[in-house]
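Report on the structure given below.
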Amino acid sequence: MIKKIIEIVEKIDTSQVFSELSDAQSGGICVFVGTVREFTQGEQVVSLEFETYEKMALKEMDKIATTAVTKWNLNKVIIRHAIGLKNVAEPVVIVGASSGHRDACFEACRFLIDTLKETVPIWKKERFENKSVWVSAHP
Amino acid sequence: MIKKIIEIVEKIDTSQVFSELSDAQSGGICVFVGTVREFTQGEQVVSLEFETYEKMALKEMDKIATTAVTKWNLNKVIIRHAIGLKNVAEPVVIVGASSGHRDACFEACRFLIDTLKETVPIWKKERFENKSVWVSAHP
Amino acid sequence: MEILLFGIAKDIVGQAQLRFSATEETPTSVGALKTMIGEKYPEFTKLSSLAIAVNSEYAEDDVSLNRNDEIAIIPPVSGG
Amino acid sequence: MEILLFGIAKDIVGQAQLRFSATEETPTSVGALKTMIGEKYPEFTKLSSLAIAVNSEYAEDDVSLNRNDEIAIIPPVSGG
């Protein structure tokens, strides 16, 4: 049985995630999807562009998943990130966990996305009408 | 634009929920699915059976959704519960929220499922091999 | 007066509704209804909790009951 | 020695890789590499943070570098 799904993809299909995390020993599945928001700090975003150091990103994502499985005794876990150009409302990342009870999957899901944002080598460029900016690059 | 989806259904289709919650003003979508767990306190469950006082349940679900939308400034919210006979690993409830930032949708999603379990008139009977029990009925 | 029964309440009474005929004395408040059903069906007093809904809203003990109200016994809920 | 560049690091240097020819002096530790690129491209010193990966793992300043290592400059990440 596949316990961890760790992937970097061109396009995220959100329709299969609950089937992927479904499990007879789980009473709860929690999933977070990050999507492209139209406005950031009042400025209209045209699109986002993601790039990655793929080999390292997959390693870091796998570490996060393994830590979460151990800490919260998860039955299944998924971390999938998209790269390339993404338009408003498109999904860019999906993380999720299934566990016996809901406390564990909620806490794990929050940990997965928070830690991904801190450690996984993926970079996001926000494209506005007249400029583009690498997010978080400068203080 | 539909902001709240409140439903009691025979069968939950998890594949559409992220499309239903998708929104240009949202950067995050959090969804929780409750599923039938095979073992509860060491005993093997054959199936669960849900019944409801539908008119009142929909009212209570709507109150929960409205409270969450106001408190966390949600863009969209969904509460959908299944009734009837459910087998192991089947979804029985799905709740979710989309919001500008992830704090709000995580907190709201947790509130939705916790409050639903406390106030919505839905009853679950666990069917085991040799007996069946109305959950939470007795201290 | 007709009272809707759900979940274990239906099992305790043995039917889906509790009926008071026109000539029977009916409870005039939520509190009186709780006392009455607890006396008639002692199993109700053993539940973790017992609530009454009047016109599909939770109602406190001091809410009065009218013949045309939609009344329901709400045993401990367990959705989700 | 070849150093992979991503995100804003690629923009600062103007290409996807930073190459040291066989005759050039190469940095012998992560810390030395950071100092060297900060001097050659002052824009690196203005970033919120700057990390180095050696063989696709984050590496502290005291980690030594060998010609065959896969080395990458990791500017502030912003996935999710």
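- For the pair Glu90(B) (side chain) and Asn87(B) (backbone), a donor-acceptor distance under 3.5 Å is present.
- Comparing Glu49(B), Lys63(B), Lys125(B) by heavy-atom pairs within less than 4.5 Å of chain C, the highest count is held by Lys63(B).
- Both the backbone and the side chain of His138(B) come within less than 4.5 Å of a heavy atom in chain C.
- Side chains of Glu60(B) and Tyr53(B): a donor-acceptor N/O pair is absent below 3.5 angstrom, by distance only.
- With a threshold of 4.5 angstrom between heavy atoms, Asn55(C) approaches chain B through N, CA, C or O but not through any side-chain atom.
- At a threshold of 4.5 Å between non-hydrogen side-chain atoms, the residues Ile74(C) and Trp123(B) count as touching.
- Between the side chain of Glu51(B) and the backbone N or O of Gly7(C) there is at least one donor-acceptor pair closer than 3.5 Å.
- For Val92(B), the part sitting under 4.5 Å from any heavy atom of chain C is the side chain, from C-beta outward, and nothing else.
- Within the 4.5 angstrom heavy-atom criterion, only side-chain atoms of Lys59(B), from C-beta onward, approach chain C.
- Residues Ser26(B) and Ser98(B) bring a donor and an acceptor atom of their side chains to less than 3.5 Å of each other.
- Of the listed residues (Asp11(C), Ile8(C), Leu50(C)), the one with the most heavy-atom contacts under 4.5 Å to chain B is Ile8(C).
- In this structure, chain C has no heavy atom under 4.5 Å from any part of Thr35(B).
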